[in-house]
Q: 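Handing you this structure, nothing more for now.
Just the heavy atoms: all of them, side chains too, but no hydrogens, waters or symmetry mates, feed the values below.
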Amino acid sequence: MATSKADAETRTRQTTLFYQMATLFSICVFCALLYWLSESSKSVASQSTGGGSRNIVEGTVSINGTVPIGTTDRDFICATLDWWPPDECDYGTCSWGKASLLNLNGGTLQDKVVYERKGGPCPAFVKNSSEMFGFSQGCLPMSRWDELNNFFKQAGAAVVFGLNALSGRTLAADGSAVGAWNSSDAQFLLRYTVNKGYNVHGWELGNELSGSGTGTRIAADQYASDTNNLQMIVRTIYAGFEVKPLVLAPGGFFDANWFTQFIKKTPRSLQVVTQHIYNLGPGVDNHLIDKILDPSYLDGGSQPFSSLQGILKSSETSAVAWVGEAGGAYNSGHNLVTNTFVFSFWYLDQLGMASSYDTKTYCRQTLIGGNYGLLNTVTFVPNPDYYSALLWHRLMGRNVLSTTFSGTNKIRTYAHCAKASQGITLLLINLDGNTTVKVHVSTENVISNGTLAMQQQQNGRTKFSRMSRGSNADANTREEYHLTALNGDLQSQTVLLNGNMLSVNSSGSIPPLEPIKTSQSDPITVAPFSIVFAHIANFTVPACEDVN
């Protein structure tokens with residue numbers, strides 16, 4: 001079939017977009033991959049953000065800068081790729097297109113994948129309602145694995161690959177998977193990978209088989225035995241390597257008793273404990289936005305982070321916590337919710353909350369695919385959460401600071417030492433659509449040139465000063481990044497930064513994310529339904545000494 005020039009140009013632009021987006025992230029999990037956000041931020045002053053609101057209230061964020069309450073990995077922000085074929089449909093909508101590891105140019109089925117061996121069959125996934133997850137067993141061709149690794153190398157990605165943990169097991173009448181893991185397929189893939197010189201950051205065993213499982217489950221003691229087996233395989237195959245890949249597991253939903261038993265029995269064979277987060281419920285739920293804007297509901301999301309932190313602290317393991325997959329709403333999310341501006345409230349709150357409980361890496365489901373991708377499945381254009389992730393990566397350093405907020409429960413606050421810079425970065429999320437909040441900052445053990453006071457408003461619009469970097473006034477200013485939805489529509493797929501629309505150009509390059517500069521003597525003005533990152537460079541606290 002002939003291809004038009006316009007079609008060819010579109011595909012070229014999509015490929016360019018995907019590669020550019022991929023180089024900004026890193027690490028790949030869940031038989032998926034993650035990409036590090038790597039661009040440095042720019043500091044050109046921008047236009048004012050704003051809009052009026054019915055109410056203006058004041059509040060105070062208190063930051064304890066004595067010691068960090070958590071420390072993230074340098075690659076904290078990551079995103080996944082999944083296995084779903086184009087005919088995976090949820091609630092009558094097929095939202096995956098060609099966004100699978102198997103067909104993307106440039107999940108759940110992970111535990112139904114076999115790896116092609118020379119001369120052996122390599123069947124594709126076929127829709128079959130009688131099979132678990134609605135698909136037959138599928139195969140990863142080694143030619144595709146070669147293509148993927150070429151892409152990973154070009155993108156500079158650190159890859160974490162999820163292995164099939166159901167291999168060799170039988171399904172019991174109670175729905176559990178019994179028997180030991182048959183590791184022969186996995187050993188073949190690991191040896192092939194090493195022989196080809198491909199760099200894999202980590203190997204994860206299984207997907208959503210912990211606790212009650214999804215589709216089926218494996219007992220904690222058996223899973224621990226299988227994880228110990230995987231560690232021995234990694235040590236053997238990578239025997240001559242100074243740095244060996246991580247071993248991660250179980251990649252499932254948190255169950256306190258199951259995780260406690262599992263961690264107790266893997267004290268030396270497990271480097272990362274991974275959990276999945278879909279705390280908003282099914283994607284078909286028509287009340288997702290209500291949940292996202294409810295501070296009490298968001299607060300409830302801290303429970304698995306807190307519980308897992310407690311288990312790790314009380315055990316003999318040296319393993320750390322990751323979120324291996326988080327899409328918020330399961331079954332592919334919800335179109336015009338999980339791929340729009342409103343979802344950044346949930347996503348950034350999760351990043352802040354997870355890091356506060358010493359979670360080292362947070363992997364978003366997905367980079368592309370479903371209704372919760374950071375990139376549009378068809379055009380590869382960034383959705384709003386992509387820019388939220390990019391700003392976090394550029395601005396939020398590794399050390400996490402304790403914060404409290406007084407004034408309204410509709411403001412969510414998080415603070416980190418600044419990324420690759422002096423001072424701190426504050427994240428403020430306003431869940432109130434009718435109220436502007438003027439935020440004063442109070443810190444303990446801080447060396448600063450002043451305190452924060454009332455900021456002037458004119459005609460309902462906030463006025464910002466513009467100063468060039470390097471001026472004498474820089475020590476008394478801060479950089480702010482205000483995110484709002486286009487036309488105030490929470491379900492818009494277009495986000496504004498300091499009042500300017502963020503969109504890629506014709507070649508697929510992302511726009512510069514430029515801050516505005518404000519006087520440090522003024523409070524931070526957080527407009528209704530907005531998100532603000534504020535970098536306060538001359539706030540020096542003990543927790544931020546010698547970091548980043």
Q: Is the gap between the ring centers of Trp145 and Phe161 under 6.0 Å?
A: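 So the answer is yes for these two rings.
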Q: Give a yes or no answer on whether the side chain of Thr540 reaches the backbone of Gly423 with a donor-acceptor pair at less than 3.5 Å.
A: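 Looks like no, no N/O pair under 3.5 Å.
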Q: What I want to find out is whether Asp285 reaches Lys291 closely enough, with some N-O distance under 4.0 Å, to be called a salt bridge.
A: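 Here Asp285 pairs with Lys291 in a salt bridge, since their nearest N and O are under 4.0 Å apart.
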Q: Please indicate whether Lys264 has more than 12 foreign heavy atoms, meaning atoms of other residues, nucleotides or ligands, lying under 6.0 Å from its NZ.
A: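 Result for NZ/Lys264: open.
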Q: How about Arg235: does its CZ atom have over 12 heavy atoms from other parts shown lying under 6.0 Å from it?
A: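 Enclosed.
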Q: Check whether any side-chain heavy atom of Asp385 sits under 4.5 Å from a side-chain heavy atom of Ser344, and report yes or no.
A: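 Result yes, sub-4.5 Å side-chain heavy-atom pair found.
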Q: Measuring only between side-chain heavy atoms, which start at C-beta, is Trp203 closer than 4.5 Å to Thr193?
A: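 With C-beta onward as the side chain, the pair touches.
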Q: Say whether Gln491 and Thr340, considering side chains only, have a donor N or O and an acceptor N or O under 3.5 Å apart.
A: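 No - no donor-acceptor pair under 3.5 Å links their side chains.
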Q: Does Phe343 form a ring-ring contact (aromatic ring centres under 6.0 Å, His included) with Tyr372? I'd like the steps, not just the answer.
A: CA-CA 9 Å; Phe343 207 53; Tyr372 37 35; 8.1 Å; no
Q: Taking all atoms of both residues into account, what is the closest heavy-atom pair of Arg169 and Gln222, and its distance?
A: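 Taking Arg169 first and Gln222 second, the nearest heavy atoms are NH1-CG, 3.6 Å.
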Q: Does the side chain of Ser402 pick up a donor-acceptor pair with the side chain of Asn64 at under 3.5 Å?
A: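 No, Asn64 and Ser402 have no side-chain donor paired with an acceptor closer than 3.5 Å.
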Q: Is it the case that the side chains of Asp73 and Thr361 hold a donor-acceptor pair, with the cut-off being a distance below 3.5 Å and no angle test?
A: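 Yes - a donor-acceptor pair under 3.5 Å links their side chains.
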Q: Centroid-to-centroid, Trp258 to Tyr223, below 6.0 Å?
A: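 So the answer is yes for these two rings.
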